[in-house]
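Shown next, in C-alpha cells, is the structure this report addresses.
A, B, ... follow the sequence lines: proteins, then strands. Residue 1 opens every chain. Predicted model, so just to flag it, every value in this text is computed and none were measured.
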Amino acid sequence: MCGRFALYSDSFSLIKRFEADALPELCPRYNVAPTQSIPIVREESGKRRFALARWGLIPHWAKDMDIGYHTINARAETVASKPAFRNAFRYRRCLIPADGFYEWQVVPGSKTKQPWFIVLRDREPMAFAGLWERWRSPEGEDLESCSIIVTDGNELMQPIHDRMPVILAPGDWDTWLEAETKDAAGLQGLLKPYSAEDMEAWRVSMMINSPRNDSEECLKQTNKI
DNA sequence: CCAGACGTTGTT
DNA sequence: GTCTGG
DNA sequence: CCAGACGTTGTT
DNA sequence: GTCTGG
C-alpha cells in the first residue's frame, strides 16, 4: 500500500531526472497525503510533460468524488480488468515522482503502528507506476485525478508491510508511458516489486501520522519501536 | 429487463 | 460507461 | 495513509 | 462506526 510519500527534490533535478517539461511551481513536500494535488508525468504527442492531479482516481462515470477516497491505490494484479481502472490502464498511464514513501508497520503487542520511510539507495527520485483520469463534475468542471499502482512487498518491505508501490526503473519509463501499446502483457510485466537491494528503509517518528506535519523533520530517523 | 456497483486496506 | 445480480 | 469530526439554534 | 480533511 502507499498512502503517504515525500517529494522534496528541486525543480531542476526533477526536470532532469524525468526529462519532462511544464513542471508547475512546487514547494518541497515531506508528507504528501491522499486527495492532495500531486505532480504526475505523462506523455503528450511523444513528449513527457508534468501535470498536477488529485491523488485518488475518479473514473469518468463517477457521479460524485466519493470513490476517490478508495482509489488512491490500484492493485497490480487486477488493474487491467477492474472497471474503475482498466480504461486508465489502457490509455492513461503516468509516472508519479517521489523521493520516498511511508509505510506503517503493525508491531505485535503495540497499540500504535511504527512508521517507516523508504528511499532508493542512490537517493534519486523514484517513479511510481500511476494512472490518471479526467472527470467532469455535475457543475461542469473538469478534474484530473490519479492512482498509484501497488504490488506485493519485496524482501525489504516484507517485515514492514505486505504491499508496496510499483516503482519503475528509468529504462521502463518509455514503455510504460507509450500511448500506443500493443502489448498489454508487457505492461503487466512491469508491475513487479522493485529490487530490494536498491532500496533502504528507516524508522521515523509518529510525527508523520498527522498530515498537518510537513517538515523535513518527518524524514528523521528514530529508534523508537 | 432495470438497479446498483464500480476501490483498497485492515479487521472481524 | 459497462458489468453483474436479481 | 492517519487524524479528527460526527449536531442544532441562536447569538456574538 | 464511518466519513471527511489533510
Measure up the A:Trp173 and A:Phe18 rings against each other and bin them: parallel (under 30°), tilted (30 to 60°), perpendicular (over 60°).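 Because their plane-to-plane angle is under 30°, the rings of A:Trp173 and A:Phe18 count as parallel.
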Check the phosphate of B:dT9 against A:Arg163, side-chain N and O only, distance under 4.0 Å to OP1 or OP2. Yes or no?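 The answer is yes; a side-chain N or O of A:Arg163 sits under 4.0 Å from OP1 or OP2.
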Whether [Y] and [X] form a salt bridge (side-chain N of Lys/Arg under 4.0 Å from carboxylate O of Asp/Glu) is what I want to check.
X	Y	result
A:Glu133	A:Arg92	yes
A:Arg17	A:Glu124	yes
A:Asp21	A:Arg48	no
A:Asp142	A:Arg136	yes
A:Arg123	A:Glu200	yes

Please classify the nucleic acid contact of [X] as base, sugar-phosphate, or nothing, using heavy-atom distances under 4.0 Å.
X	answer
A:Asp162	sugar-phosphate
A:Arg86	sugar-phosphate
A:Val150	sugar-phosphate

Can you check the distance between [N] and [M], where both ends of the measurement are the [atom1] atom (answer in whole Å)?
N	M	atom1	answer
D:dG7	E:dG5	P	12 Å
D:dT8	E:dT4	P	15 Å
B:dA5	E:dG6	P	28 Å
B:dC1	D:dT9	P	46 Å
B:dG4	D:dG10	C1'	42 Å

Going by side chain to side chain contact (heavy atoms under 4.5 Å, CB included), name the residues that satisfy it together with A:Asp99, two or more places apart in sequence or in a different chain.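 Counting only residues at least two positions away or on another chain, A:Asp99 forms a side chain to side chain contact (heavy atoms under 4.5 Å, CB included) with A:Leu7, A:Tyr8, A:Ser9, A:Pro125.
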Listed by chain and number, what are the side chain to side chain contact (heavy atoms under 4.5 Å, CB included) partners of A:Pro34, not counting sequence neighbours?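 Per chain and number, A:Pro34 pairs via side chain to side chain contact (heavy atoms under 4.5 Å, CB included) with A:Arg4, A:Trp55, A:Ile72.
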Of all nucleotides in DNA chain C that come within under 4.0 Å of a heavy atom of chain A, which is furthest toward the 5' end and which toward the 3' end?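 Contacts span C:dG1 to C:dC3, reading 5' to 3'.
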In the strands shown, is D:dA5 matched to any nucleotide by a Watson-Crick or G-U wobble pair with both distances under 3.5 Å, and which?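 By the stated definition (distances under 3.5 Å), E:dT2 pairs with D:dA5.
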A:Asn73 side chain vs A:Ile148 backbone, donor-acceptor pair below 3.5 Å: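 Side chain of A:Asn73 to backbone of A:Ile148: a pair is present.
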Short of 4.0 Å, heavy atom to strand atom, which residues of residues 57-66 of chain A count as contacting DNA chain C?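 A:His60, A:Trp61 - these, ordered by number, are the residues of the stretch whose heavy atoms sit under 4.0 Å from the strand.
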Results of salt bridge (Lys or Arg N to Asp or Glu O under 4.0 Å) for A:Asp214 - residues two or more places apart only: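 Result, salt bridge (Lys or Arg N to Asp or Glu O under 4.0 Å) vs A:Asp214: A:Arg29.
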Pairs: protein N or O with nucleotides 1-5 of chain D N or O, under 3.5 Å:
residue: D:dC1; atom: O2; partner: A:Arg4; partner atom: NE; Å: 2.7
residue: D:dC1; atom: O2; partner: A:Arg4; partner atom: NH2; Å: 2.9
residue: D:dC2; atom: OP1; partner: A:Lys113; partner atom: NZ; Å: 2.9
residue: D:dC2; atom: O4'; partner: A:Arg4; partner atom: NH2; Å: 2.9
residue: D:dA3; atom: OP1; partner: A:Asn209; partner atom: ND2; Å: 3.2

Proximal nucleotide (of B:dT9, B:dC6, B:dT8) relative to the A:Thr78 side chain: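 Given the options B:dT9, B:dC6, B:dT8, the side chain of A:Thr78 is closest to B:dT8.
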A:Asp10 and A:Ser13: side-chain donor and acceptor closer than 3.5 Å?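 Yes - a donor-acceptor pair under 3.5 Å links their side chains.
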